S.K.: 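My questions will all concern the structure given below.
In what follows, chains carry the letters A, B, and so on, assigned in the order in which the sequence lines appear, proteins first and then strands, with residues in each chain numbered from 1. What you see is a predicted model, and the numbers here were worked out from it, not measured in a lab.
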2 protein chains.
Amino acid sequence: MSRPAARPDARSRLLDAALAVIRAKGYSATTVDELCAAAGVTKGAFFHHFRSKDELGVAAADHWSDTTGALFAGAPYHRHADPLDRILGYVDFRKALLEGGVPDFTCLVGTMVQETYDSVPAIRDACDRSISGHAATLVADIEAAMAERGMTPEWTAQSLALHSQAVLQGAFILAKAKGGAEVAADSIDHLRRYIELLFGRRPESIDREGPARTVAGRL
Amino acid sequence: MSRPAARPDARSRLLDAALAVIRAKGYSATTVDELCAAAGVTKGAFFHHFRSKDELGVAAADHWSDTTGALFAGAPYHRHADPLDRILGYVDFRKALLEGGVPDFTCLVGTMVQETYDSVPAIRDACDRSISGHAATLVADIEAAMAERGMTPEWTAQSLALHSQAVLQGAFILAKAKGGAEVAADSIDHLRRYIELLFGRRPESIDREGPARTVAGRL
DNA sequence: GATGAAGTACCGACTAGTTGGTATGTATTA
DNA sequence: TAATACATACCAACTAGTCGGTACTTCATC
């Protein structure tokens with residue numbers, strides 16, 4: 001596991017190509033030749049770096065974890081002093097990421113695990129690591145927000161973190177079905193509203209306000 | 001479109017096989033030969049009834065709509081007098097369906113649309129029809145529950161119906177990643193709690209109750 | 001009510017192209 | 001000089017789809 005100096009070699013070009021191609025076509029429909037063409041390398045290079053297509057799938061999921069991990073670690077929502085603001089800031093950040101075409105904002109591992117959960121255990125595990133690891137980055141803030149309010153609810157911080165990932169993954173599926181990000185944004189709005197209600201930021205559970213006030217764009 | 005008497009012919013056996021096989025392996029990884037073997041028919045029969053694999057994909061999505069449509073139309077939650085009870089009954093019914101192995105309770109069209117949204121428009125449209133059509137069956141009850149309380153919230157009945165589908169689809173992805181239904185059940189619990197909070201059935205938005213009271217199994 | 005024409009449902013061998021993977025080579029670097 | 005990092009040619013297996021054929025049903029006609 002000693003790492004040579006990072007450079008744009010065939011391996012990382014293949015991994016970057018995999019993120020783009022698999023998100024658009026799915027894992028099974030993506031061929032090795034296609035990946036090589038997208039990365040501008042030959043098949044010999046592919047099988048020099050990966051023993052099989054499935055091994056690339058695992059590496060692509062890990063690469064996805066690294067890439068998105070860095071993106072979220074550097075995101076501005078961590079700067080909020082209040083833990084609930086950090087949680088809501090995370091949700092707003094996720095909504096702000098809904099830019100470009102559908103393949104640009106959807107999730108690689110959510111796509112891959114659907115196709116491989118029953119046939120390629122190594123890929124399923126890598127996808128689970130990616131999703132669960134990302135969810136884990138939310139737990140501390142959720143627990144802090146709970147502790148601040150002396151809450152002992154029937155749900156756990158962990159389950160709320162995973163639920164937020166479920167909403168996002170499901171939102172991506174609806175966006176794919178409808179061909180646009182709007183439906184995903186609506187679902188993220190519902191997630192935000194749920195969290196606000198859970199933590200009592202919205203004092204009235206039955207919302208009687210008019211439609212003028214919007215939830216969007218608070219980051 | 002005249003319908004001969006229904007019988008277990010090759011076409012319907014292929015469609016039933018498609019539901020099972022595609023849910024387990026995904027659309028692209030499912031081969032025509034495999035489908036034929038699972039249905040106990042020959043390749044000649046397959047291409048007699050479907051001009052291509054993609055045409056079977058569309059027919060499978062429509063068959064899924066028919067099958068699940070009948071299941072939900074006959075479900076007991078419609079019998080509740082109060083519209084909010086019908087909505088919560090629907091959620092409980094969805095939770096109760098989480099039985100058997102992961103391929104048994106997950107959604108065909110949610111799986112298929114991930115692989116085909118960018119490459120097979122006809123299948124994407126069929127999946128969208130299935131998801132959106134199912135969500136539409138919830139709208140009247142949501143609107144009735146809103147009207148009963150004189151609510152004019154910033155969200156629409158339609159968006160809440162679609163959000164519930166997003167939660168379910170995302171719950172299935174997490175279940176596939178983790179290899180079990182528990183995480184999906186937790187997410188459905190969060191969905192139920194959200195709806196209760198939205199409609200004011202839980203008077204306290206910050207839930208201070210102990211963990212003894214459970215949400216499950218109210219149907 | 002026998003006959004034949006025409007359609008439907010299905011069979012299974014076949015093919016042209018594609019697939020993941022291999023074998024063997026060479027240039028570059030440590 | 002010994003790995004490492006590629007490149008090229010190749011292959012066996014598989015893939016969706018084809019094609020000629022068979023069995024059965026329907027239905028009008030003689």
S.K.: Taking only Lys NZ, Arg NE, NH1 and NH2, and the carboxylate oxygens of Asp or Glu, determine whether A:D189 and A:K95 approach each other closer than 4.0 Å.
M.R.: yes
S.K.: Return the CG to OG1 distance between B:L108 and B:T68, rounded to the nearest 0.5 Å.
M.R.: 9.5 Å
S.K.: Mind running a 4.0 Å heavy-atom check of residues 40-57 of chain A against DNA chain C and sending the residues that fall below it, in number order?
M.R.: A:K43, A:F47, A:S52, A:K53
S.K.: Near DNA chain D, under 4.0 Å by heavy atom, which residues of residues 24-35 of chain B?
M.R.: B:T30, B:T31, B:V32
S.K.: Name the residue from B:Q169, B:H163, B:Q165 that meets the side chain to side chain donor-acceptor pair (under 3.5 Å) definition with A:S187.
M.R.: B:H163
S.K.: Do you know which two heavy atoms are closest between A:V139 and A:A161, and how far apart they sit?
M.R.: CG2-CB, 4.0 Å
S.K.: Quick one: does any side-chain atom of B:K25 pair with a main-chain N or O of B:T31 as donor and acceptor, under 3.5 Å?
M.R.: no
S.K.: Where is the tightest heavy-atom contact between A:R23 and B:Y117, given as atom of each residue plus distance?
M.R.: O-OH, 2.8 Å
S.K.: Taking the six-membered ring for Trp and the single ring otherwise, decide whether the centroids of B:H134 and B:Y90 are under 6.0 Å apart.
M.R.: yes
S.K.: Quantify the bending of the helix from C:dG1-D:dC30 to C:dA30-D:dT1 as the angle between its end axes, each fitted on five pairs, to 10°.
M.R.: 0°
S.K.: Please say which of A:T116, A:T111, A:D54 ends up in a side chain to side chain donor-acceptor pair (under 3.5 Å) with A:Y27.
M.R.: A:D54
S.K.: Regarding B:D141 and B:H78, is there a side-chain donor-to-acceptor distance under 3.5 Å anywhere?
M.R.: no
S.K.: Taking atom types as modelled, find out whether A:S65 and A:D62 have a side-chain donor-acceptor pair closer than 3.5 angstrom.
M.R.: no
